[in-house]
Amino acid sequence: ETYGSALILIVWAFVKKANAVKAVQTLTVLALPLVASRSLMSHAAALREGAAVAIAADALHSIATALWAGGLMALCRVLFLATKRWPQAASWRAEIVNRFSRLALASVALIIATGTYQSWIHVGGFETLANTDYGKTLILKLVFFVLMLGLGALNLFATKPLLKRLARAGDNQPSENKKSLRRIAVESITGLLIFSATGLLTVLPPGVHAVHQAATLNRSAISTTATGTAQPLMSAEGARVKILSPAPQQIFAGDKVPLKFTLIKGRRGAHVHAYIDGELMGMFESQQGTLNGIAPGRHTLELRVVAADHQTEL
């Protein structure tokens, strides 16, 4: 937040100058670490092994998505201004689209590579993809991505040559300009849908962990304790977990609850799953975190030590 605030102030200072093109280019590069920083709070950061590679892949995925989908919104805005308010020559628009096409192609290649890797580590298999909320949301995101890819191909092989033809002919036809603008606008709107699906993925447990939730629901039908927790659990084999915060009867304002605990893994323990009223709300490798989206009211918090298979509760 501090880094982002500083960039805003610098941008505000530079846009007041007449010749600030180099400054804006530099600030664009400086903004990329801000985009990548959310990866430090992503599902990738919770992995027990290979977290560094997963975080790097997530960061590259975020940057590439920002450059393509986010850049499309800027491109759409620029072309709108060049068509409606400050008319520019067709050659100018053709050059802008040509430059962005090169950036978009590189971004798409990165998105496909890093997205495939992330799907592999967070989903695990086709069964999980089809039977978990995380997997279904990911399928929705993939549908939007394929649609956006198709629109991108249309702009690459139809809109871009159209603008080049207009530039060579020195023709500034309003109808053709509007057609190219509409196509790019539709592609940018699809990018917004991808951002929305991505936002939903960040608040859902990854598919490999959601499998554990289904197993818990199945066990709860067999036997329940007075507190509503499923039994029986497997032998602890030295595993123990103790909640340090929140304290019993503690009251919170808002839907976020900070969590701290001590964990002894024993022979088979790998991590901890947090349940609110019997519903899986988070997975924690480190001994602290935050539970998000907690509804108003009185709740029961339970932590369970889980083996590396994400299903065996100790």
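Below, each value reflects all heavy atoms present in this structure, side chains not excepted, and no hydrogens, waters or symmetry copies.
Partners of Thr65 under the side chain to side chain donor-acceptor pair (under 3.5 Å) rule, at least two apart in sequence or in another chain, do not exist in this structure. Residues passing the salt bridge (Lys or Arg N to Asp or Glu O under 4.0 Å) test with Arg182: none are found, sequence neighbours excluded. For Ser196, there are no side-chain contact (heavy atoms from CB on, under 4.5 Å) partners two or more places apart in sequence or in a different chain. When the side chain to side chain donor-acceptor pair (under 3.5 Å) test is applied to Gln249, the partners found at least two apart in sequence or on another chain are Arg298.
Under a 4.5 Å side-chain heavy-atom criterion applied to ILVMFWY residues, the cluster that includes Leu151 comprises Leu147, Val186 as well. Counting side-chain heavy-atom gaps under 4.5 Å among Ile, Leu, Val, Met, Phe, Trp and Tyr, the cluster of Ile55 also holds Leu40. Within the hydrophobic cluster formed by Ile, Leu, Val, Met, Phe, Trp and Tyr side chains joined at under 4.5 Å, directly or through other members, Ile251 stands alone, with no partner residue. Trp12 shares a hydrophobic cluster with no other residue; no ILVMFWY side chain has heavy atoms under 4.5 Å from its own.
Within the structure, ring pair (Phe, Tyr, Trp, His ring centres under 6.0 Å) pairs that include any residue of residues 51-80 comprise Trp68-Phe145 (at least two apart or interchain). Among residue pairs with one or both ends in residues 238-247, none qualify as side chain to side chain donor-acceptor pair (under 3.5 Å); sequence neighbours excluded. For residues 50-62, every residue pair satisfying the salt bridge (charged side-chain N to carboxylate O under 4.0 Å, His left out) rule, not counting sequence neighbours, is listed here: Arg38-Asp58. For residues 98-108, the pairs satisfying side chain to side chain donor-acceptor pair (under 3.5 Å) are Glu95-Arg99, Asn98-Lys160, with sequence neighbours left out.
If you take CZ on Arg304 and CD on Glu313, they are separated by 4.5 Å, rounding to the nearest 0.5 Å.
Contact check for Val272 versus Met283: no side-chain heavy atoms found under the 4.5 Å cut-off.
Within a 6.0 Å sphere centred on CD of Gln250, other residues, nucleotides and ligands contribute more than 12 heavy atoms.
In terms of hydrophobic clustering, with Ile, Leu, Val, Met, Phe, Trp and Tyr side chains grouped at heavy-atom distances under 4.5 Å, Ile189 and Val146 are assigned to different clusters.
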